[in-house]
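What follows is a short report on a single structure.
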Amino acid sequence: MKFETKTIHAGVVPDPSTGAIMTPIYQTSTYVQEAPGVHKGYEYARTQNPTRNALENNLAALENAKYGISFSSGLAAMDAILKMFKPGDEILSTNDLYGGSYRLLTKIFEGFGLKSRFVDMQNAQDMESNFSPATKLLWIETPTNPMLNVVDIKALVDIAHSKGVLVCVDNTFCSPYLQNPIDFGADLVTHSATKYIGGHSDVVHGCVMTNNEEIANKLRFIQNAAGAVPGPMDCFLILRGIKTLHVRVQRACENASKVAQFLKDHPKVSKVYYPGFTDHPNHEVAKKQMRLFGAMVSFDLHENTFESAKKVLSNTHYFSLAESLGGVESLIGHPASMTHASIPKEERLKVGLTDSLIRLSVGIEHIDDLIGDLDKALS
Ligand SMILES: *Cc1c(COP(=O)(O)O)cnc(C)c1O
């Protein structure tokens, strides 16, 4: 089945009791048993729910995985993955990790003895020396937020596997339409489905996909034992969002490439971060592992101050000032004061995250309106 068909059909069958073409929302907490232990495979809704099952099978198919396990948020999915490890184990991850993931590793799991280290992953050949005997998991994010660096999944998987280390890719920024890390050997893929997979900014959800049965069983156990499960209505909304995933992401990527070019040509803009440019430092890697170059664009201003960024941020109309990304509507954000405010200024500046850096999540509105909006805000 091709991706565009999977989004609509994988894991989804007409409801056996009525023929309803859309998966019903099984809004129930428990299931009646005929006699003790005699039931239709459903006992209690933390453990199993038909709406969730349909979603999980669909999600697995989107990442070319055998197993999909879903959670109440992207961070709940990460939390479940980290619970597979033990005190003394070390997680190696990127130094421009999503802030919430950084917080979970350092503020929660370090307290339970799980160690974490954050390194630059842009040059795979420099990664060898970063592994220690305690390293058990390599956590990759690509493209990164908000600098849109791209890391070579295949090269990093090869190094990690040669050391017996598992690899998890947070694929949120790409969505499964653009990039399938399992095809490059990753052991686990996770998403904040709150973003592109849901796609309509109306639900918080997370998931993990894997081909490894042992990992799937562990995660399934944690899902039930720790209980961070999504509700059936949320599962329905994600399933509904997925049906247009390919169409939405394709249009958003087309718009983003035009927005990036417009910004590059604008006299007030000093730099545009977008993996689709041939002069982006990781353009070749992006071309190798992504179908399109994504719909996230960051840019900086010649006038390098918070004040000048503020002027742009408060003068767009279609680009709404908000955290998050991946919805049908375009968003604009200021990483230094919003998503990355907790990172010390010297640290931020080292990676190019200045006070005037602006991040866009380009949506699927008409391109003329989007460019007109930015043009006005920059004038
Ligand atoms: C939003 C996000 C998360 C966290 O997901 P939630 O659904 O908000 O819990 C994790 N990783 C990335 C890259 C994100 O953008």
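Order of appearance sets the numbers: ligands from 1, and atoms from 1 within every ligand.
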Task: Charged N-O contact under 4.0 Å between D279 and K264 - done: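 Salt bridge present between D279 and K264.
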Task: Ion pair check, E90 and R117, cut-off under 4.0 Å - done: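 R117 and E90: salt-bridged.
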TODO: Check the pair D234 / R52 against salt bridge (charged side-chain N to carboxylate O under 4.0 Å, His left out), numbers first and verdict last.
DONE: CA-CA 9 Å; D234 290 352; R52 195 175 91 204; over 6 Å; no
Open item on the list: Parallel, tilted or perpendicular: which one describes the rings of F3 and Y177, with boundaries at 30° and 60°?
Closed with: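 Tilted: the ring planes of F3 and Y177 meet at 30° to 60°.
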Open item on the list: Taking the six-membered ring for Trp, are F306 and H334 closer than 6.0 Å centroid to centroid?
Closed with: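 Judged by ring-centre distance (under 6.0 Å), F306 and H334 do meet the cut-off.
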Pairs of nitrogen or oxygen atoms, one from ligand 1 and one from the protein, closer than 3.5 Å: please tabulate them with distances.
from: ligand 1; atom 1: 5 (O); to: S192; atom 2: OG; distance (Å): 3.0
from: ligand 1; atom 1: 7 (O); to: G74; atom 2: N; distance (Å): 2.9
from: ligand 1; atom 1: 7 (O); to: S192; atom 2: OG; distance (Å): 2.8
from: ligand 1; atom 1: 7 (O); to: T194; atom 2: OG1; distance (Å): 2.7
from: ligand 1; atom 1: 9 (O); to: G74; atom 2: N; distance (Å): 3.1
from: ligand 1; atom 1: 9 (O); to: L75; atom 2: N; distance (Å): 2.9
from: ligand 1; atom 1: 11 (N); to: D170; atom 2: OD2; distance (Å): 2.7
from: ligand 1; atom 1: 15 (O); to: K195; atom 2: NZ; distance (Å): 2.7

Task: E4-Q250 side chain donor-acceptor pair, cut-off 3.5 Å - done: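 Looking only at side-chain atoms, Q250 and E4 do not form any donor-acceptor pair under 3.5 Å.
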